[in-house]
There are 2 protein chains.
Amino acid sequence: MNRDESTKNRVLLAAGPIFARKGFAQATVREICDAANVNLASINYYFGDKQRLYIETVILAREQRAEQFPFPSWSDETLPEVKLKEFVGLMLRRVVVMQTVPWQVGLLMREILKPTEACQQLVEEYFRPIFERLLRIVDELVDRPLTTLQRTQIGFSIIGQCLHYRFSAGVISMMVEEKRRQEYFDLENLTNHITEFSIAAIRNLHDIEAAQAETTAVSARETDK
Amino acid sequence: MNRDESTKNRVLLAAGPIFARKGFAQATVREICDAANVNLASINYYFGDKQRLYIETVILAREQRAEQFPFPSWSDETLPEVKLKEFVGLMLRRVVVMQTVPWQVGLLMREILKPTEACQQLVEEYFRPIFERLLRIVDELVDRPLTTLQRTQIGFSIIGQCLHYRFSAGVISMMVEEKRRQEYFDLENLTNHITEFSIAAIRNLHDIEAAQAETTAVSARETDK
DNA sequence: CTCTCGATTAAACAGTTGTTTAATACGACT
DNA sequence: AGTCGTATTAAACAACTGTTTAATCGAGAG
């Protein structure tokens, strides 16, 4: 029998999307076996129990995590503004559009929200390189050296704007009028806004810091009285 | 009998932390009743079913959270910059707490990540008023009228920066060096950065939009060749 | 006292869960 | 043919779920 269509493999492939969608506890072995068109006992026969099936599924997800949206290779002359825009567009494409998110990413995201020890490796191999790449773009956008804290915070501000459209997608949908919902999740609109917002912030940050110190003083005076 | 110690109230208070920790499906009525030291049938007697107990718990969480960190009342002369800073600080205080997450916050975050029936009411009575308040501050910060889409996107950019430190707290902790972790979650540092970043962005957004149009053209030309 | 009625209780219920069992089917080998 | 070992099956299992039931309690009213 072809290995790809073996009972064990069918279970593994069917389990992935279901675990990704519903989580470990909410996914049922009956649902998985139905989807895989195998007998109910197959999971225990091949994997021992549900838990070990889940672990094998996570491992498979890691292995199969194909670089579906690879980073473009930029020439030396590419403007940092262009780089940032493409970076933001890439982030949004990877995480925002729920429908097209492959189940492998969904499963890993699930692990990330509730970090375990296995998550550490994921951070090092997946998130940190992405983040470092972003920070290098930020460096190009400013004309002065930044402290480690500053550039990290700027990075989180940009990432935060992107991820918000995934984590809070449900609430955002409820908050905007249904008629224009598509507009708010439109990839190009989002990319343009987040890019422009962030560039505007980075460019203007230097001037603001000084002014803000004054504002803080005003705020303090108001609190006093 | 004291109202606070009534059976119904004991159930409500016991349910909050359990729902927050385990989610709706994973929390069991027996566990809640045990914690509240009441009979198993009490939930159905007082609340009808588990679901309605959950909804009442979410409502309670929202009320208690808003009570603990109320909005300041601003005078007419208060600078919008000050307002934004206090808004951001309030958001962060309500949402971002490093070590121990109060169960009220945990429950609200659960609703954002995976909205249930309780969420619609939560949006209308809690999130939307907060968001509208933010948008009015944004209006004061710009000197020109914004489209609905623009001001909403700006609002999401600010909220997204704040919430990122809750949803991605685990990953952020893993990404920054442990020695300086406290620094990255320091309330004042965060408040200052997000406020300054957002003000800088809003102030500069107008100029950037024009420049970005040119950049887009450059990007297109680069893609062509 | 008795009566009443909401509050509380233990028990039972019906449904679902993951897992196990025992029987059977199937193919490879002698 | 018969034998062996693996794969697959339907059924049963025990534990747990939310909910319902019917009995009991307990305090206030007549």
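Chain letters run A, B, ... following the sequence lines, proteins first, then strands; residues in each count from 1. Note: hydrogens, waters and symmetry copies are ignored here, and every other heavy atom, side chains too, is used.
When only modelled atom types and interatomic distance are considered, A:Glu177 and A:Tyr184 share no side-chain donor-acceptor pair under 3.5 Å. Donor-acceptor pairing under 3.5 Å is lacking for the side chains of B:Lys50 and B:Asn44.
In this structure, CG of A:Leu40 is placed 15 Å from C1' of D:dA7, rounded to the nearest angstrom. Rounded to whole Å, atom P of C:dT19 lies 11 Å from atom CD1 of A:Ile32. A:Asn44 places its CG atom 14 Å from the C1' atom of D:dA12, with the value rounded to the nearest Å. Computed from coordinates, the B:Ile43 CD1 to D:dT20 C1' distance equals 14 Å when rounded to whole Å. If you take CZ of A:Arg30 and C1' of D:dT17, they are 14 Å apart, rounded to a whole angstrom. Across the protein-nucleic acid pair, A:Gln26 atom CD and D:dT17 atom C1' stand 12 Å apart, rounded to whole Å. What separates NZ of A:Lys50 from P of C:dT20 is a distance of 14 Å, to the nearest Å. Put simply, CZ on B:Arg52 is 9 Å from P on D:dT19, counting in whole angstrom units.
For A:Thr7, a side-chain nitrogen or oxygen approaches OP1 or OP2 of D:dT8 to under 4.0 Å. Of the side-chain N and O atoms in B:Asn39, one or more sit less than 4.0 angstrom from OP1 or OP2 of C:dA10. A close approach under 4.0 Å does occur between a side-chain nitrogen or oxygen of A:Tyr45 and OP1 or OP2 of D:dA7. Residue A:Thr28 places no side-chain N or O under 4.0 Å from the OP1 or OP2 atom of C:dT16.
At a threshold of 4.0 Å, the pair A:Glu86-A:Lys83 does not count as salt-bridged, since none of the basic side-chain nitrogens sits closer than that to a carboxylate oxygen.
Nucleic acid contact class of B:Tyr46 (heavy atoms, under 4.0 Å, all strands): sugar-phosphate only. No contact: A:Ala25 has no heavy atom under 4.0 Å from any strand.
Taking the ring centre of A:Tyr165 as origin, the terminal cationic atom of A:Arg93 falls outside the region bounded by 6.0 Å and 45° from the ring axis. Cation-pi contact between B:Arg133 and B:Phe71: present, with separation from the ring centre below 6.0 Å and deviation from the ring axis of at most 45°.
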